[in-house]
Amino acid sequence: MTPETLAEKVLSATRDAFEALGLDAAVLPAQTAVERPRDPKHGDYASNIALQTAKKAGTNPRALAEKIAGNLAAVDGVAKVDIAGPGFLNITVDAAAAGGIAGKIVAAGDAYGTNNSMEGVYANLEFVSANPTGPIHAGGTRWAAMGDALARVMRASGAKLTAEYYVNDAGAQIDHFAASLLARAKDEPTPENGYVGAYIDEIAADVLEARPDALDAAEPLEVFRTVGLDLMLKDIQTTLADFGTHFDVFFSEKGMHDRGEVETAVQRLTDLGHVYEADGATWLRTTTFGDDKDRVLKNSKGGWTYFASDCAYYLDKRERGFEKLVFMLGADHHGYVGRMQAISRAFGDEPGTMEILIGQFVNLLRGGEPIRLSKRAGNIITLNDVVEAVGVDAARYALTRYSADSTIDLDIDLWTRHGNENPVYYVQYAHSRTHGVLRNAADRAVDRGDSYDAALLSHPRESDLLKALAEFPAVVASAAELREPHRVARYAEELAAAYHRFQHDCRVLPFPDEETTDVNRARLWLVDATRVVLANALGLLGVSAPERM
RNA sequence: GCCUCAGUAGCUCAGCUGGAUAGAGCACCGGACUUCUAAUCCGAUGGUCGCAGGUUCGAAUCCUGCCUGGGGCGCCA
């Protein structure tokens, strides 16, 4: 009995009650959910469906609840249904029905938690997309962790998803970057708007190593641009890979320009009647689609703007077949949402085709004080700095356990601690404890058998743990649908707590002088199921699940 | 000025697609190691959910206004 199947039973019991009472079934929702009440007196699961529908149907919630409760009590696996308060249905599931989930989880293994809530959605998720003119900074690190987790969660929910990084390898920033490298190589001062930092020195030296003739080439700047960009991008890609963040596509802006896609996109928009000339420039009438002001596509000097590239890139993605375009951007880009959405609408797409997630900043602290610790990039904190400070697992976990809407104060002291107060250790430790028990069982040749008596898992700690385990697929689905991967982390912490409590109160293996009982065997299944779910949850966050700590 | 995020326990934050006495970790206080790693567990203390209205049987959650703090409002990329 999973929460999902119970919810279906609740809905059909309600439908039957409506029929019996002669009420209009049209007011019933297509789906409903049961929740886990905090107070154990309220049963294993609770439903508020009578409260939600009684008024619309023109009846009394308690009377309706009575009728539903009667139908529900007859359902196999439901032990008891109480009516409480204004019309809550408090449902108690019998232990055998609840305990069955452990075996299903063990059988499903890695696949447990996958669901079909986003089945058939063909999506593109763009994140990080930091300019290849320097290392990824702290903000980009947050998107690297969170975007990757979101990609995993959406895929687990059935979405066909491409993780994409837009490489801004065209335009003035790259010119400045190339000029900075060239100046460094010639030991000249950094040009105006140029880049500084140890990484510039390193890349300039690396370019000279790769192309000893660079300074004598016909166009030295071009050599430094091409080779330097390549080195910088490789560095970024290596950093991301080491961080466990996977991209399916690194999309080159320059390539898009070279293929003439900007012209094509602007022509398309012109044909659609949204483009006009004014003040010597070419504009897109984004105000038609809710933007504050119209935006320039081609400036009066005849150059394409970054915005024109955005239009072309949008069209490129759509023509590659993506139906859902999701962007993760930093709070410093929230002013772009209006014009970006306008692009989508100008091309004639439905609202919701483009989805822009705005995430807040991250501050790195040590002992409550802001820190700056980059050795490479001037005064900027980089992804590598974060990883050096706390490690990949702690960094990824710390950056995925908070809502994107919250600014993060990431305190290095906290995230390097080994204990209860460090959530990633707490969760990983719970996982490693499951391995510990299973290892001991194997060492002592305690066999759990091919099946177990689910009704034996009736201790309150076992019931709580089973309920937590059963919730996982719904958590993954909601994390995907709401684009909130932090829900998985919070869930993992709850599950870890339920497991620690279980292991504290319930002896799994027999003591050395005792025979193995059916309770021991059933508990081994429960431990294994917990192992699976903790590993899967950590996996969705891109955090390792150690077997020993 | 406009847009946007946040404001919940001493601290860091969940909860926000309306539901039952508002949760967790840390800190503080008091307990549990002949343990399956105590890297854990149990208990106690602690909150006018920024403020004021409104909608509702019911609001931390939805609406309006205000206050405080972060970010943003280029023919830059």
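To find a chain, count down the sequence lines: A is the first, B the second, and so on, and within it residues start at 1.
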Task: Polar pair under 3.5 Å, donor/acceptor by atom type, side chain A/S300, base B/C75 - done: yes
Open item on the list: So, OP1 or OP2 of B/U37: does either fall under 4.0 Å of a side-chain N or O from A/R433?
Closed with: no
Open item on the list: Heavy atoms only, 4.0 Å cut-off, all strands: where does A/K301 land among base, sugar-phosphate and nothing?
Closed with: nothing
Task: Side chain of A/S432 - closest among B/A14, B/C75, B/U37 - done: B/U37
Open item on the list: Between B/G25 and A/E421, counting only base atoms on the nucleotide and side-chain atoms on the residue, is there a donor-acceptor pair under 3.5 Å?
Closed with: no
Task: B/C75 phosphate, OP1 or OP2, under 4.0 Å from A/K293 side-chain N/O - done: yes
- [ ] Report yes if at least one side-chain N or O of A/N48 is closer than 4.0 Å to OP1 or OP2 of B/A20; otherwise report no.
- [x] no
Task: Between B/A9 and B/C26 - C1' atom distance, rounded Å - done: 12 Å
- [ ] Give a yes/no on whether any side-chain N or O of A/N299 is located under 4.0 angstrom from OP1 or OP2 of B/C76.
- [x] yes
Open item on the list: From NE2 of A/H431 over to P of B/U40, roughly how many Å is that when rounded to an integer?
Closed with: 17 Å
Task: Options B/G19, B/A77, B/C26, nucleotide nearest the side-chain atoms of A/Y306 - done: B/A77
Task: Residue pair A/N168 / A/Q173, side-chain donor-acceptor N/O under 3.5 Å - done: no
Open item on the list: Base, sugar-phosphate or nothing for A/D411? Non-hydrogen atoms, less than 4.0 Å.
Closed with: nothing
- [ ] May I ask you to verify whether the side chain of A/N90 and the base of B/A20 hold a donor-acceptor pair under 3.5 Å?
- [x] yes
Open item on the list: Just the rounded figure in Å: distance from C1' of B/C11 to CG of A/N422.
Closed with: 16 Å
Open item on the list: Side chain of A/M549 only, heavy atoms from C-beta on: which candidate in B/C36, B/A39, B/G25 is closest?
Closed with: B/A39
Task: Heavy-atom neighbours of A/E514 CD exceed 12 at 6.0 Å - done: yes
Task: Separation of B/A32 P from A/Q503 CD (nearest whole Å) - done: 21 Å
TODO: Starting at atom CD of A/Q52, determine the distance to atom C1' of B/U56, rounded to an integer number of angstrom.
DONE: 13 Å
TODO: List for me each residue that meets salt bridge (charged side-chain N to carboxylate O under 4.0 Å, His left out) alongside A/R483, sequence neighbours excluded, and say none if there are none.
DONE: A/E355
Task: A/R36 CZ to B/G23 C1', straight-line distance once rounded to whole Å - done: 13 Å
TODO: Quick one: label A/G419 by what it contacts on the DNA or RNA (base, sugar-phosphate, nothing), any heavy atom closer than 4.0 Å.
DONE: sugar-phosphate
Open item on the list: If I pick the P atom on B/G50 and the same atom on B/G10, what distance separates them, to the nearest angstrom?
Closed with: 13 Å
Task: From B/C41, B/A20, B/C36, nucleotide with atom closest to A/D505 side chain - done: B/C41
- [ ] Check whether NZ of the Lys or CZ of the Arg A/K317 lies under 6.0 Å from the centre of the six-membered ring of A/Y313 and within 45 degrees of that ring's axis.
- [x] yes
TODO: Would you indicate which nucleotide in B/G19, B/A39, B/A77 comes nearest to any side-chain atom of A/F88?
DONE: B/G19
TODO: Could you check A/R548 against A/S478 and say which one's nearest nucleotide on RNA chain B is further toward the 5' end?
DONE: A/S478
- [ ] First locate atom CZ of A/R225, then atom CG of A/D175, and finally report the distance between them rounded to the nearest 0.5 Å.
- [x] 4.5 Å
Open item on the list: Any carboxylate oxygen within less than 4.0 angstrom of a Lys/Arg side-chain nitrogen, looking at A/R417 and A/D413?
Closed with: no
Task: Candidate nucleotides B/A39, B/C42, B/C13, ranked by approach to the side chain of A/R461 - the nearest - done: B/C42
Task: Euclidean distance, atom CG of residue A/L482 to atom C1' of B/A14 [Å, nearest integer] - done: 14 Å
Open item on the list: Closer than 3.5 angstrom, by distance alone: can the side chain of A/H431 be matched with the main-chain N or O of A/V427 as a donor-acceptor pair?
Closed with: no
Task: A/H42-B/A20 aromatic stacking (under 5.5 Å, under 30°) - done: yes
Open item on the list: Roughly how many Å apart are B/C66 and B/C42, using the C1' atom of each and rounding to a whole number?
Closed with: 45 Å
Open item on the list: I'd like the P distance from B/G23 over to B/U64, given in whole Å.
Closed with: 29 Å
Open item on the list: Taking any heavy-atom pair under 4.0 Å as a contact, classify A/Q360: base, sugar-phosphate, or nothing.
Closed with: base
Open item on the list: Can you list every stem that RNA chain B is part of, counting only runs of 3 or more consecutive Watson-Crick or G-U wobble pairs with both distances under 3.5 Å?
Closed with: B:1-7 with B:67-73, B:10-13 with B:23-26, B:29-32 with B:40-43, B:50-54 with B:62-66
- [ ] Tell me, please, which residues at least two apart from A/D294 pass side-chain hydrogen bond (donor to acceptor under 3.5 Å, both in side chains).
- [x] A/Y276, A/T287
TODO: With heavy atoms under 4.0 Å as the rule, sort A/S406 into base, sugar-phosphate or nothing.
DONE: sugar-phosphate
TODO: List for me each residue that meets salt bridge (charged side-chain N to carboxylate O under 4.0 Å, His left out) alongside A/D505, sequence neighbours excluded, and say none if there are none.
DONE: A/R461
- [ ] Could you work out which one of B/C13, B/C36, B/C41 sits closest to the side chain of A/D409?
- [x] B/C13
Open item on the list: In the structure I gave you, are the side-chain heavy atoms of A/D279 and A/S300 within less than 4.5 Å of one another anywhere?
Closed with: no
- [ ] Output the single nucleotide from B/A20, B/C76, B/G72 whose closest atom is nearest the side chain of A/Y336.
- [x] B/C76
Open item on the list: My understanding is that only residues two or more places apart in sequence, or in another chain, count here; which of them pass salt bridge (charged side-chain N to carboxylate O under 4.0 Å, His left out) with A/R433?
Closed with: none
- [ ] Between B/U37, B/A77, B/G70, spot the one nearest the side chain of A/N440, thanks.
- [x] B/U37
Task: Aromatic plane relationship, A/Y195 with A/F177 - under 30° parallel, 30 to 60° tilted, over 60° perpendicular - done: perpendicular
Open item on the list: So, OP1 or OP2 of B/U40: does either fall under 4.0 Å of a side-chain N or O from A/N420?
Closed with: yes
Open item on the list: Suppose you measure atom P in B/A22 against the same atom in B/U68; what distance do you get, rounded to whole Å?
Closed with: 30 Å
- [ ] Would you mind reading off the distance between A/H500 atom NE2 and B/A24 atom P, rounded to a whole angstrom?
- [x] 16 Å
- [ ] Rounded to whole angstrom, note down the C1' distance from B/C3 over to B/U8.
- [x] 25 Å
- [ ] Under 4.0 Å from any atom of RNA chain B, heavy atoms only: list the residues of residues 485-499 of chain A that qualify, in numerical order.
- [x] A/H486, A/R487, A/R490
Open item on the list: Just to be sure I understand the rule, does A/D443 reach a base, reach only the sugar-phosphate, or reach nothing, if contact means heavy atoms closer than 4.0 Å?
Closed with: nothing
Open item on the list: Quick check: A/H459 with A/F502 (ring centres under 6.0 Å apart)?
Closed with: no
TODO: Enter the distance from A/H333:NE2 to A/F327:CZ here, rounded to the nearest 0.5 Å.
DONE: 12.0 Å
Task: A/E35 vs A/F502, nearer the 5' end of RNA chain B by closest nucleotide - done: A/E35
Open item on the list: Please report the distance, rounded to the nearest Å, between CZ in A/R339 and P in B/C3.
Closed with: 16 Å
TODO: May I ask you to say what A/A170 touches in the nucleic acid, namely base, sugar-phosphate or nothing, with a heavy-atom cut-off under 4.0 Å?
DONE: sugar-phosphate
Task: Euclidean distance for P, B/U61 against B/U56 (whole angstrom) - done: 16 Å
Task: Nucleotide nearest A/Y426 when distance is taken to its side chain, options B/G70, B/C13, B/U40 - done: B/U40
